[in-house]
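Data first, discussion second: the structure below is written as structure tokens.
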Amino acid sequence: MYGIVRERHFIHLHWLWIVGYVASSPLSSIPVPISCHVGSQAILPCKWKSQLDKIPVCHVQWQTPDETVFEQMGAQRWQATEFEGRVEVPEEKLWEGDCSLILRDVQLGDVGLYESFMVVDRARNKRRVFIQSVQLSVDDYTSKESLRVGETLDLNLHTPQAMKVVFQGRNSTELTVLWMRGEEVNRGRLEAKGLVVRLKGLRIDDGGTYNVLDSHGLSISRVQLTVEAYQVGETQTFHQILVKQAPIGKSTFNRSSSLLMLFVLLFSPLIQHLF
């Protein structure tokens, strides 16, 4: 813990010294556009060797207009709280001239302008050199699915930052929370495992819109589902017939018996032919 505090304290003091005494270089380049989906990895490009000669220490800074996102000098690193564990500039590539920022598990809130700088320290002459600006855009997922009664809908959460799944019926304005992180849902027709929420035994009234939301209520993905019934005369497997819902009680046994008798009548000619 002491080492972490000391590391952050050192780098922040260095940052304040630079801001106080050395003006940043003017922004002269057009931002490089980078686009990716929520939950994926983005690489914000940065090459410093084309603008600088050999430097004694690789000291790189990445920032947005509002805050410093990442800073690294040698083995010392600092990350903003909301980016902690998600950002990195590989040290071996940094010495080769590649100061690109790797941003993992990209979130909708990461959208915006990013700027990279190299801090050059030569014989007490410290200056901060602008290298690259990047405009990051983040897209959510949208899709349409058509499934049959009795089938299963798999909803991909895409990121561990997904907080809940909200359902809106096709002809309804009401929103229903179908799943929420931290709550036990492995019961009935709904189950959750890893980054997938699964709704089994679909019914006609399961048709509608499913939204996966993050902690800020922003949409990570949206699935528009249509559930279709089997048409009269359409070929069905014996298993599909059995999964159709039946009343609970004696009628369940009678219906199963009728289905078994139907199965025997349909296939008995074939059995007799074989023997």
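Counting begins at 1 with the first residue of the sequence. The figures that follow rest on heavy atoms only: side chains count, while hydrogens, waters and symmetry mates do not.
- With sequence neighbours excluded, the residues that form a side chain to side chain contact (heavy atoms under 4.5 Å, CB included) with L147 are E145, E151, L153, L202, L225.
- Residues satisfying the ring-ring contact (aromatic ring centres under 6.0 Å, His included) test with F83, not counting sequence neighbours, are none.
- For the pair T64 (side chain) and Y114 (backbone), a donor-acceptor distance under 3.5 Å is absent.
- Applying the side chain to side chain donor-acceptor pair (under 3.5 Å) criterion to Q107, with sequence neighbours excluded, gives D105, T159.
- Partner V38 forms a side-chain contact (heavy atoms from CB on, under 4.5 Å) with one of I220, V212, L157 and no other, that one being I220.
- A distance-only check finds a donor-acceptor pair linking the side chain of W62 to the backbone of C99 [under 3.5 Å].
- Sequence neighbours left out, the pairs with a member in residues 90-102 that pass salt bridge (Lys or Arg N to Asp or Glu O under 4.0 Å) are K47-D98, R77-E91.
- Contacts classified as side-chain hydrogen bond (donor to acceptor under 3.5 Å, both in side chains) and involving residues 166-178 (residues at least two apart or in different chains) are given here: R170-T226.
- In this view, D140 and T142, S219 satisfy the side chain to side chain contact (heavy atoms under 4.5 Å, CB included) rule, not counting sequence neighbours.
- Side-chain atoms of Q41 do not come within 3.5 Å of backbone N or O of L103 as any donor-acceptor pair.
- A salt bridge links R86 and D110; the closest N-O separation between the charged side-chain nitrogens and carboxylate oxygens is under 4.0 Å.
- Judged by distance alone, with hydrogens and angles left aside, the side-chain atoms of R198 form no donor-acceptor pair with the main-chain N or O of A192 at under 3.5 Å.
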